[in-house]
Amino acid sequence: MPELPEVESVRTSLEQLVLGKTIANVSVFYPRMMRPHADEFASALLGQHVSALRRRGKYLILELSGGLIVSHLRMSGKYFYHEGEVPLDKHARVQFDFSDGSHLVYQDVRKFGTMDYLNKDEEAAYFKSKKLGPEPVQEAFFYQPFIEGLKRSSRAIKPYLLDQKAVAGLGNIYVDEVLYQSRIHPERPAQSLSQKEAKALHQAIITVLALAIEKGGSTIRTYENLGQKGSMQDYLQVYGREGQPCRRCGHPIEKFKLGGRGTHICPQCQKGRS
DNA sequence: TTTACTGTTGCAGT
DNA sequence: AACTGCAACAGTAA
């Protein structure tokens with residue numbers, strides 16, 4: 001379930017459910033997903049309480065009294081919360097038991113997700129090594145550095161935006177949406193965008209992600225994310241709409257592969273290549 | 001039954 | 001250094 005808006009809704013839900021709770025026990029069912037490895041990870045957490053729920057790009061941060069858990073959901077990671085008994089789940093990877101008897105289970109069918117435990121003083125270096133761009137909000141994502149970055153790259157704009165360096169948080173759904181919104185073909189070289197297009201793109205990144213957060217993210221081909229179902233899927237203009245009419249011009253939405261990723265466009269509205 | 005597809009990222013190889 | 005292709009894995013749909 002993870003692009004920035006989905007991770008943000010998980011963050012909000014977790015804040016309601018586990019903030020302030022004390023970790024009484026940790027069970028690791030898939031040790032390979034975590035650093036440090038199982039035993040050390042689990043014992044570092046015992047007795048700590050959850051002091052904040054934060055997010056950086058698509059990374060979810062559970063801040064504890066003495067350190068932080070950085071959780072990345074990758075393709076299929078999900079959290080489940082239980083007050084009482086925890087149902088059997090073959091895809092459960094980690095389970096946190098809190099001292100009040102509630103439980104938080106991390107489930108991940110495809111096992112791509114990661115969970116790292118850091119000391120507080122390691123956080124800065126951790127995210128620095130990821131080379132994450134700014135958060136896609138007005139106060140952090142500035143137009144000038146963005147367009148300067150664009151001008152330095154001959155890469156197609158879609159893979160350029162997907163690599164998280166220009167701006168954090170876009171994934172395959174929302175990158176297609178922002179390019180549609182700003183009428184830019186995904187194969188256009190980054191440096192070929194006009195001033196006007198770059199401006200429109202910059203603005204679209206901010207507004208589309210803000211709308212998606214407001215709608216609780218998209219719930220697509222999987223259900224629940226901690227009980228909350230997002231409604232952003234009802235507002236998507238191109239993603240998952242292959243063959244359906246463009247809401248602006250009526251031309252059927254097309255789908256093709258770009259850099260290994262399914263890519264959705266309106267060929268009428270997004271010119272420049274194709 | 002095979003093959004292609006899937007809200008991601010990091011790494012090896014140009 | 002920037003960029004491309006692919007692997008990590010499991011389930012679903014055609």
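Residue numbering restarts at 1 for every chain, and letters A, B, ... go by the order of the sequence lines.
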Legend entry - Among Gln270(A), Arg241(A), His264(A), the one residue meeting side-chain contact (heavy atoms from CB on, under 4.5 Å) with Asp176(A): His264(A)
Inset, instruction - Determine the contact category for Thr114(A): base if any of its heavy atoms lies under 4.0 Å from a base atom, sugar-phosphate if only primed atoms, P, OP1 or OP2 are that close, otherwise nothing. - result: nothing
Inset, instruction - Scan Tyr160(A) against the nucleic acid and name what it touches under 4.0 Å (heavy atoms): base, sugar-phosphate only, or nothing. - result: nothing
Inset, instruction - Only one of Glu3(A), Gln181(A), Glu6(A) passes side chain to side chain donor-acceptor pair (under 3.5 Å) with Tyr174(A); say which it is. - result: Glu6(A)
Legend entry - Pairwise P distance for dT1(B) and dC9(C), with rounding to whole Å: 23 Å
Legend entry - Pairwise P distance, dT9(B) and dG11(C) [rounded to whole Å]: 22 Å
Has the side chain of [X] got a donor or acceptor atom that lies under 3.5 Å from a matching backbone atom of [Y]?
| X | Y | result |
| --- | --- | --- |
| Gln237(A) | Glu177(A) | no |
| Ser65(A) | Gln48(A) | no |
| Asp100(A) | Lys21(A) | no |
| Arg247(A) | Leu236(A) | yes |

Legend entry - Within 45° cone of Tyr180(A) ring axis and under 6.0 Å: Arg248(A) NZ or CZ: yes
Inset, instruction - Could you list who else is in Leu4(A)'s hydrophobic cluster, with ILVMFWY side chains joined at under 4.5 Å, directly or through other members? - result: Ile213(A)
Legend entry - Any residue of residues 162-171 of chain A with a heavy atom less than 4.0 Å from an atom of DNA chain B: Gln164(A), Gly171(A)
Inset, instruction - At the 4.0 Å heavy-atom cut-off to chain A, mark where contacts on DNA chain C begin and end, going 5' to 3'. - result: dC3(C) to dG11(C)
Legend entry - Distance-only side-chain donor-acceptor flag, Tyr79(A) / Ser13(A), under 3.5 Å: no
What is the distance, to the nearest angstrom, from the [atom1] atom on [X] to the [atom2] atom on [N]?
| X | N | atom1 | atom2 | value |
| --- | --- | --- | --- | --- |
| Leu161(A) | dT9(B) | CG | C1' | 16 Å |
| Tyr59(A) | dT9(B) | OH | P | 6 Å |
| Lys130(A) | dG10(B) | NZ | C1' | 9 Å |

What residues, two or more places apart in sequence or in another chain, satisfy salt bridge (Lys or Arg N to Asp or Glu O under 4.0 Å) together with [X]?
| X | answer |
| --- | --- |
| Arg56(A) | Glu135(A) |
| Glu123(A) | Arg54(A) |
| Lys120(A) | Glu63(A) |

Inset, instruction - Mind telling me whether Tyr59(A) and Phe127(A) have parallel, tilted or perpendicular rings, with 30° and 60° as the class edges? - result: perpendicular
Inset, instruction - Using Watson-Crick or G-U wobble pairs with both distances under 3.5 Å, give me DNA chain B in dot-bracket, 5' to 3', with [ ] for crossers and | for pairs to another strand. - result: .|||||.|||||||
Would you give me the side-chain donor-acceptor pairs under 3.5 Å for residues 24-44 of chain A, sequence neighbours excluded?
unit_1, atom_1, unit_2, atom_2, d
Asn25(A), ND2, Asp97(A), OD2, 3.3
Ser43(A), OG, Asp39(A), O, 3.0
Ser43(A), OG, Glu40(A), O, 3.3

Legend entry - Partner residues of Phe256(A) under the ring-ring contact (aromatic ring centres under 6.0 Å, His included) criterion, sequence neighbours left out: His185(A)
For nucleotides 4-6 of chain B, list the nitrogen or oxygen atoms of the protein found under 3.5 Å from its nitrogen or oxygen atoms, one pair per line.
unit_1, atom_1, unit_2, atom_2, d
dT6(B), OP1, Lys255(A), NZ, 3.2
dT6(B), OP2, Lys257(A), NZ, 3.2
dT6(B), O3', Arg221(A), NH2, 3.0
dT6(B), O2, Arg110(A), NH1, 3.4

Show me the side-chain donor-acceptor pairs of residues 142-153 of chain A shorter than 3.5 Å, one per line, residues at least two apart or across chains.
unit_1, atom_1, unit_2, atom_2, d
Tyr143(A), OH, Gln195(A), O, 3.2
Tyr143(A), OH, Gln195(A), OE1, 3.0
Ser153(A), OG, Arg155(A), N, 3.1

Inset, instruction - Using a cut-off of strictly less than 4.0 Å between a heavy atom of the residue and any atom of DNA chain C, enumerate the qualifying residues of residues 32-42 of chain A by number. - result: Arg32(A)
